[in-house]
Enquirer: 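I have a structure here, written as structure tokens, and I will follow up with some questions on it.
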Amino acid sequence: MLDIRLFREQPDLVRTALANRQMDPSVVDEVIALDKRRRALVRRVEDLKAQRNAASKEIGRTKDAEERAKKIAAMRAVSDEIKQLDAELRELEARLHSVLATIPNIPDPRVPIGKDENDNVVVKQVGEPQEFPFKPLPHWEIGTKLGIIDFERGVKLSGTRFYILKGMGARLERALIAWMLDLHRSQGYTEIYPPFMVKEAAVFASGQLPKFRDNLYHDAEEDFWWVPTAEVPLTAMHMDEILEGETLPRYYTAYTPCFRREKMSAGRDVRGIKRGHQFDKVEMYIYSLPEESDAALEKMLADAEATLAGLGLTYRVVQLCTGDLGFAARITYDLEVWAPGSGEWLEVSSVSNVGDFQARRANIRYRPEGGGKPRFLHTLNGSGLGLPRTMIAVLENYQQADGSVVIPEALRPYLGGAEVIKPQ
RNA sequence: GGAGGGAUGGCCGAGUGGACGAAGGCAACGGUCUUGAAAACCGUAGUGGGCGCAAGCCCACCGGGGGUUCGAAUCCCUCUCCCUCCGCCA
């Protein structure tokens, strides 16, 4: 959520931001008009309330019954008007809120301006796409041949975009999760195990609602929403809190499954395990002082990179342009890992500074050290990493001519010392 | 699922229609006293919004949302959460 003052004081900043995001800037005028009307109404209604308060006190002091009745009668009209204006005001504020709730964050000035993902900028690449003495297979073939991914039974159970991991496949998934959590713990993050279903307010806080309702699963009877990412509970965890300044920054990491309808991606990436309705992810999250959030972004990016480096994978860092930036983000770096079998760079992590955007939605503030008014803090989120695509990269990069897959060294302690996955 | 009891400021806790933004205590902060500290004493302290250059004035907030009333922490409705007991359950 953007600060309403931005619309009053720097409307062009917001218009430009929306235009750079390839969106219609006319909502800005709508917000300004609503805000103006709201303030005029507030003034009127508060004026009447002040009148009423004064009169009520007087009535309380009036002993003479007749005079009292006269005063009460006079106030009845005022009270009725207040009631009516209050109702109007409520409606107006609800509208203003719902319009504001759908306006994305303002991109950081350093973000390259661009139309879509084609204008993203590759910042750096670490490693080179590996040369194979044989034709590397895509993971769906490797997984099937090894007997560690069962697509057919996944579909039998749950339909398209579901699969079963079996034997070393399931263990590899678990090993990756455990290893990532341990790595982030060593980087200073506190491990969190959150609920996987949360209430609507929690999903609103991180920005997935109301705009991305179509991509979320929720219970039809109760207010339960399946988390599309751990970012949701990690944001909402501190909803409506004022944190002490000296406890910042706070570093959190969490594993959760993520549930997404993928309505917008219908027909895309249907092959393999690249895009499922349910997938695992280890997330990093930082609550930061505003003045430190730039540095926090650098740390988080480095921490995410360490995950890929630790697995010995070739990857590149891509800075998203304004047109490809997520709703809540001010600035985002994607990490893309090379998948030689599929022959593509796969997005395994998205590291973003969202500034105070989520903090405003979630009403999370901090009290500056030494006292003072509470202020909104900054939040950052980043995957470290998305599991299925990491799994793809591991399988495709570590595949051998004989069809086996060598296990990255870092993971071996998590797999009872096993060094290779052979057909089972 | 059934029955009952609760929710008040950072914390504890009083308050059942009229100067209550809310007694009292604890904690916090500033000061007096002290060589220093403690104790004691004095004082300051919430959040959001509107108007204003400012000083400041006003409005709202006693779990959330509605309502009754000239006036609500207090009465009514509703929702949420917590506690106790019973039932069921991994």
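Just so it is clear: chains get the letters A, B, ... in the order the sequence lines come, proteins before strands, and each one is counted from 1. Values reported hereafter were calculated over all heavy atoms of this structure, with side chains retained and with hydrogens, waters and symmetry mates removed.
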Enquirer: Distance criterion of 3.5 Å, no angle test: do you see the side chain of A:R76 paired donor-to-acceptor with the base of B:G71?
Expert: no

Enquirer: Using atom C1' of each nucleotide, how far apart are B:C61 and B:U74 to the nearest Å?
Expert: 16 Å

Enquirer: State which residue, out of A:N120, A:V318, A:L297, fulfils the side chain to side chain contact (heavy atoms under 4.5 Å, CB included) condition with A:Y333.
Expert: A:L297

Enquirer: Using both distances under 3.5 Å as the test, list the Watson-Crick or G-U wobble partner of B:G48, or none.
Expert: B:C59

Enquirer: Mind calculating the distance between CG (A:L48) and C1' (B:A60) to the nearest angstrom?
Expert: 15 Å

Enquirer: Please determine whether side chain to side chain donor-acceptor pair (under 3.5 Å) holds for the pair A:Q358 and A:S206, giving the CA-CA distance in whole Å, both sets of side-chain angles, and the decisive distance to 0.1 Å.
Expert: CA-CA 5 Å; A:Q358 289 174 331; A:S206 46; 5.0 Å; no

Enquirer: Applying a 3.5 Å limit to both distances, which nucleotide forms a Watson-Crick or G-U wobble pair with B:G21?
Expert: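 Across any shown strand, B:G21 pairs with none.
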
Enquirer: Paired with B:U84: which nucleotide, if any, by Watson-Crick or G-U wobble criteria at under 3.5 Å for both distances?
Expert: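 Paired with B:A3.
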
Enquirer: Measuring only the C1' atom in each nucleotide, how far is B:C12 from B:A28? A whole number of Å is fine.
Expert: 15 Å

Enquirer: With a non-hydrogen cut-off below 4.0 angstrom, is A:K49 in contact with a base, only sugar-phosphate, or nothing?
Expert: sugar-phosphate

Enquirer: Work out how far the P atom of B:A23 is from that of B:C62, and round it to whole angstrom.
Expert: 15 Å

Enquirer: Counting only heavy atoms from other residues, nucleotides and ligands, does the tally under 6.0 Å from CH2 of A:W226 exceed 12?
Expert: no

Enquirer: Can you pull the ring-ring contact (aromatic ring centres under 6.0 Å, His included) pairs that have at least one residue in residues 359-398 of chain A, sequence neighbours excluded?
Expert: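 For residues 359-398 of chain A, and leaving out neighbouring residues, there are no ring-ring contact (aromatic ring centres under 6.0 Å, His included) pairs at all.
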
Enquirer: Polar atoms only, N or O, under 3.5 Å: list the protein pairs with nucleotides 78-82 of chain B and their distances.
Expert:
none

Enquirer: Ignoring backbone atoms, test whether A:S79 places a side-chain nitrogen or oxygen under 4.0 Å from the OP1 or OP2 oxygen of B:U69.
Expert: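 No, A:S79 has no side-chain N/O under 4.0 Å of OP1/OP2 on B:U69.
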
Enquirer: Would you find a donor on one side and an acceptor on the other, under 3.5 Å apart, between the side chain of A:T253 and the backbone of A:M284?
Expert: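 No; judged by distance alone, with no hydrogens or angles, the pair does not exist.
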
Enquirer: Out of curiosity, A:E81 CD to A:Q51 CD, how far, rounded to the nearest 0.5 Å?
Expert: 9.0 Å

Enquirer: Check whether more than 12 heavy atoms from other residues, nucleotides or ligands sit under 6.0 Å from atom NZ of A:K166, and answer yes or no.
Expert: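 Incorrect, the count does not exceed 12.
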
Enquirer: Counting only Watson-Crick or G-U wobble pairs whose two distances fall under 3.5 Å, which nucleotide matches B:A90?
Expert: none

Enquirer: How about CD on A:E91, more than 12 heavy atoms from neighbouring residues, nucleotides or ligands closer than 6.0 Å, or not?
Expert: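 No, CD of A:E91 has 12 or fewer neighbouring heavy atoms, counting only those of other groups under 6.0 Å.
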
Enquirer: Select base, sugar-phosphate, or nothing to describe what A:A50 touches, counting heavy atoms under 4.0 Å on all strands.
Expert: sugar-phosphate

Enquirer: In whole Å, what separates the P atom of B:G63 from that of B:G13?
Expert: 14 Å

Enquirer: Distance check, C1' atoms only: B:C26 and B:A14, in whole angstrom units.
Expert: 15 Å

Enquirer: Under a 3.5 Å limit for both distances, which nucleotide forms a Watson-Crick or G-U wobble pair with B:G9, could you say?
Expert: none

Enquirer: Can A:T235 and A:Y285 be counted as having a side-chain donor-acceptor contact under 3.5 angstrom?
Expert: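 Short answer, yes.
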
Enquirer: Could you please name the partner base of B:A72, counting Watson-Crick and G-U wobble pairs only when both distances are under 3.5 Å?
Expert: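 B:A72 is unpaired by these criteria.
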
Enquirer: Are the charged groups of A:R360 and A:D3 less than 4.0 angstrom apart, N to O?
Expert: yes

Enquirer: In B/S/- notation, 5' to 3', how is nucleotides 46-57 of chain B contacted by protein heavy atoms closer than 4.0 Å?
Expert: -SSBSS------

Enquirer: Say we look at B:G48 and B:A39: how far apart would their P atoms be, to the nearest angstrom?
Expert: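 Here B:G48 and B:A39 have their P atoms 32 Å from each other.
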
Enquirer: Is the distance from OP1 or OP2 of B:G71 to the nearest side-chain N or O of A:N53 less than 4.0 Å?
Expert: no

